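In what follows, a single structure is set out as structure tokens and then discussed.
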Amino acid sequence: MKNLEIAQIFREIAQILEIKGDNPFRIRAYERAAQNIEGLTEDIEDYLKEDRLGEIPGIGKDLAEKIKEFTSSGKIKAYLDLKKSVPAGVLALLNIPSVGPKTAKLLYEKLKIKNAEDLEKAIARNKLQGIFGIKEKTIENILKGIAIVKKGQERMTLAQAGQVADEFVSALEKLPEVKKISTAGSLRREKETVRDIDILVISDQPKKVMHTFVTLPEVKDILAEGETKSSVRTKLDVQVDCRVVEAKSFGAALIYFTGSKNFNIKLRQIAIKKGLKVNEYGIFRKEKFLAGRSEEEVFKVLGLPYIEPELREDNGEIELSLKGKLPRLHLIELKDIKGDLHTHSTWSDGGNSIKEMAEAARGLGYSYIAITDHSQSLKVAGGLTPADLKKKKQEIDKINKTLKGFRVLYGTEVDIDSDGKIDYPDDILKEFEITVAAIHSGFKQSKAQLTRRILRACANKYVHIIAHPTGRLWGTRESYEIDMDEVLRVARETNTSLEINAFPQRLDLNDLYARRAKEMAVKLAIGTDAHAIEQLKTMKLGMAVARRGWLSREDVINTLAVEELLRTIKK
DNA sequence: GCCGTTTTCGGCCCGACTGTTTTCAGTCG
């Protein structure tokens with residue numbers, strides 16, 4: 001799959017062109033192409049083979065040629081030539097906050113600064129003084145920016161971002177001046193990682209809100225403080241932006257502030273075609289305010305149905321909704337979930353007993369929970385021997401007699417060994433009501449080997465769900481590579497579900513694969529992999545992935561009532 | 001560089017904040 005590689009090259013071309021001061025629309029064309037390629041659920045080489053590159057928005061004749069060139073020769077000549085004109089380090093300067101293409105170009109041309117180290121040295125030697133347009137304050141900002149880059153400022157997980165946002169929201173909503181408040185940005189779109197936190201406030205007294213915002217105890221640095229918009233950096237080095245508007249603009253501002261950027265651009269283009277203008281204050285005909293109080297209102301004037309934040313990526317959703325095809329897509333919601341299909345108890349490496357897990361699950365409104373403790377080969381995680389299993393089964397039977405309207409399912413998370421075999425014999429496997437299978441070792445095998453392992457597991461008639469199918473652990477381990485289309489094809493044939501693992505560092509499958517699975521008519525299971533009752537709540541993160549993957553209730557097996565679930569999963 | 005029920009050429013989203021300017025370019029989202 002070369003999608004990400006090609007997207008990266010196009011993005012880099014855009015950056016080089018930016019520094020060279022090329023036509024801004026040409027630059028944007030490359031950026032847009034890069035983004036659209038990243039958002040593809042299919043392998044770009046399949047588009048090429050079937051002569052469908054033109055179907056990808058933003059890919060015209062020229063870029064299609066470049067994609068062909070890369071696919072056949074592994075390089076793009078125009079890109080290599082372009083790269084010679086600007087040293088790689090100069091591109092890296094763009095990562096420094098407050099340094100954009102113009103500044104980078106200036107520094108390179110005037111002072112021969114080729115990377116961040118050069119820049120620091122030049123500042124230390126007072127070389128920047130006297131360059132046109134650069135004075136004390138700019139230098140100070142650049143130094144701050146360098147410090148941030150050095151810290152390795154990365155994107156947060158969705159869960160971390162949620163916590164930071166909660167602190168700010170709960171502090172601000174206490175103010176009597178704050179009439180309404182909402183998070184926005186990629187946090188509201190529930191992206192799996194988030195760069196900064198965006199908060200939107202309705203108030204008649206923006207100055208007061210701004211002042212409170214920038215003086216909250218969490219704040220370390222004020223990056224900008226204006227009448228209606230401010231940015232701060234927290235003590236944990238997270239950037240938080242806050243914007244204040246009037247009530248009549250709340251919907252328009254929420255759309256604008258939620259993004260994505262490309263989604264906003266597309267909306268504004270649609271507005272222009274209708275002789276309208278959209279900005280964060282509302283939707284206008286000439287100077288006349290038409291709407292803005294709610295998002296629904298603004299969409300309506302544009303002739304669009306409401307589009308859920310998770311879909312707003314300009315990834316086909318606008319075109320579909322213009323055709324009226326999106327309304328039929330009812331995104332799955334947390335309340336649709338009837339049970340958790342991947343959990344652990346003290347029988348293996350979990351922190352709570354089966355009874356405690358069951359009661360907590362019932363407290364969340366579920367009607368069942370599968371206790372899927374590890375299998376015998378995973379000794380480090382307290383995998384269960386056949387003798388243990390008997391006792392565990394007895395315990396579950398006993399608990400089920402005491403719980404009304406709730407059921408504990410006898411489950412297991414089995415290991416897929418390096419050949420794709422499962423580590424319990426069939427006569428044991430057939431007893432389980434829910435069998436989740438996963439790869440826990442041998443991640444370094446080839447793509448073909450790893451794919452074959454998963455295919456074999458799917459073919460096992462006792463395996464219901466493949467857990468965390470790509471094995472990634474955010475910040476620790478990259479996904480291993482598998483032939484996903486092949487896995488999806490076999491999963492469908494064998495009636496095997498793929499899991500969206502909701503564990504905060506996993507979120508595996510990711511949103512794009514989830515969407516691809518839906519396209520291929522493969523069923524999904526959202527499981528938390530909870531090792532303690534608290535972790536059952538991470539279902540909402542799995543839900544974020546599912547919604548970004550365009551899933552409806554029908555696509556997810558644990559929206560079914562227990563009898564129907566057990567009927568559906570049998571092979 | 002892309003794209004077209006207003007166009008195959010001439011458009012391409014829109015505004016806040018900062019710093020260094022004295023009317024605005026650069027950066028950001």
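Predicted, not measured: the structure shown is a model, and the values here were computed from it. In what follows, every chain begins at residue 1, and chains take the letters A, B, ... in the order their sequences are listed.
Taking atom NZ on Lys273(A) and atom C1' on dG11(B), their separation rounds to 12 Å, with Å as the unit. In this entry the distance linking NZ of Lys323(A) with P of dT5(B) reads 13 Å, nearest Å. If you take NZ of Lys61(A) and P of dT8(B), they are 18 Å apart, rounded to a whole angstrom. Note: CZ (Arg26(A)) to C1' (dC9(B)) measures 18 Å, nearest angstrom. Across the protein-nucleic acid pair, Asn262(A) atom CG and dC3(B) atom P stand 13 Å apart, rounded to whole Å. What separates CG of Leu17(A) from P of dC12(B) is a distance of 20 Å, to the nearest Å. Atom CG in Leu53(A) sits about 12 Å away from atom P in dC2(B), given to the nearest Å. Atom CD of Gln35(A) and atom P of dC13(B) are 14 Å apart (whole Å).
Nearest to the side chain of Tyr281(A), among dG1(B), dA16(B), dC12(B), sits dA16(B). Each of dA16(B), dT18(B), dG1(B) was ranked by its minimum atom distance to the side chain of Asn141(A); first place goes to dT18(B). Residue Ala29(A) has its side chain nearest to dC2(B) when only dC2(B), dC17(B), dG19(B) are considered.
Comparing dA16(B) with dG10(B), their P atoms sit 32 Å apart, to the nearest whole Å. The C1' atoms of dA25(B) and dT20(B) are separated by 10 Å, rounded to the nearest whole Å. One P atom belongs to dC3(B), the other to dC13(B), and the distance between them is 14 Å to the nearest Å. Spacing of P atoms, dC14(B) relative to dT22(B), comes out at 30 Å, to the nearest Å. Annotation: dT23(B) and dT18(B) have their C1' atoms spaced 15 Å apart (nearest Å). Rounded to whole Å, the C1' atom of dT7(B) lies 9 Å from the corresponding atom of dG11(B). Here the separation of dT27(B) from dT21(B), taken at their P atoms, is 15 Å to the nearest Å. Spacing between dG4(B) and dT8(B) at atom C1', rounded to whole Å, works out to 8 Å.
Residues Glu5(A) and Lys2(A) are not paired through a salt bridge, judged by the lack of any N-O separation under 4.0 Å between the basic side chain and the carboxylate. Arg52(A) and Glu50(A) are joined by a salt bridge, as a carboxylate oxygen and a charged side-chain nitrogen come within less than 4.0 angstrom of each other. Salt bridge status for Glu280(A) with Arg243(A): present, with a side-chain N to carboxylate O gap under 4.0 Å. Between Arg189(A) and Glu308(A) no salt bridge is recorded (no basic side-chain N to carboxylate O distance below 4.0 Å).
Contacts of Arg243(A) with the nucleic acid, taken as non-hydrogen atoms under 4.0 Å apart, involve only primed sugar atoms and P, OP1 or OP2. Using a 4.0 Å heavy-atom criterion, one finds that Ile265(A) contacts the bases of the nucleic acid, with or without backbone contacts as well. The residue Asp62(A) sits close only to the backbone: its heavy atoms come under 4.0 Å of sugar-phosphate atoms, none of a base. Thr228(A) comes within contact range of the sugar-phosphate backbone alone, with a heavy-atom separation under 4.0 Å but no base atom that close. At the heavy-atom level, Ile272(A) lies under 4.0 Å from the strands shown only through sugar-phosphate atoms. Lys266(A) comes within 4.0 angstrom of nothing in the nucleic acid, heavy atoms only.
Under the 90° criterion around 0 for the glycosidic angle, dT7(B) counts as syn.
Searching all strands for a Watson-Crick or G-U wobble partner of dT8(B) with both distances below 3.5 Å returns nothing.
Under a cutoff of 6.0 Å and an axis angle of 45°, Lys66(A) and Tyr79(A) do not form a cation-pi pair. Annotation: cation-pi pair Arg312(A)/Tyr306(A) present, NZ/CZ under 6.0 Å from the ring centroid and within 45° of its normal.
The side chain of Thr138(A) places no N or O atom within less than 4.0 Å of a non-bridging phosphate oxygen (OP1 or OP2) of dT18(B). For Asn279(A) and dG15(B), the shortest distance from a side-chain N or O to OP1 or OP2 is below 4.0 Å.
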| request: Using the side chain to side chain donor-acceptor pair (under 3.5 Å) rule, take Thr157(A) and Gln160(A) through it: C-alpha gap first, then chi angles, then the decisive distance, then the call. | output: CA-CA 5 Å; Thr157(A) 63; Gln160(A) 291 167 328; 3.3 Å; yes

| query | Between Tyr256(A) and Tyr281(A), does a ring-ring contact (aromatic ring centres under 6.0 Å, His included) hold up when you go through it step by step? | reply | CA-CA 9 Å; Tyr256(A) 152 75; Tyr281(A) 300 110; 8.7 Å; no

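Between the CH2 atom in Trp474(A) and the OG atom in Ser479(A) there is a gap of 13.5 Å [rounded to 0.5 Å].
Nearest-nucleotide mapping onto DNA chain B: of Glu280(A) and Ala224(A), the residue sitting toward the 5' end is Glu280(A).
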| task | For nucleotides 21-29 of chain B, just jot down a letter per nucleotide in 5' to 3' order: B, S or -, based on protein non-hydrogen atoms under 4.0 Å. | result | S----SSSB

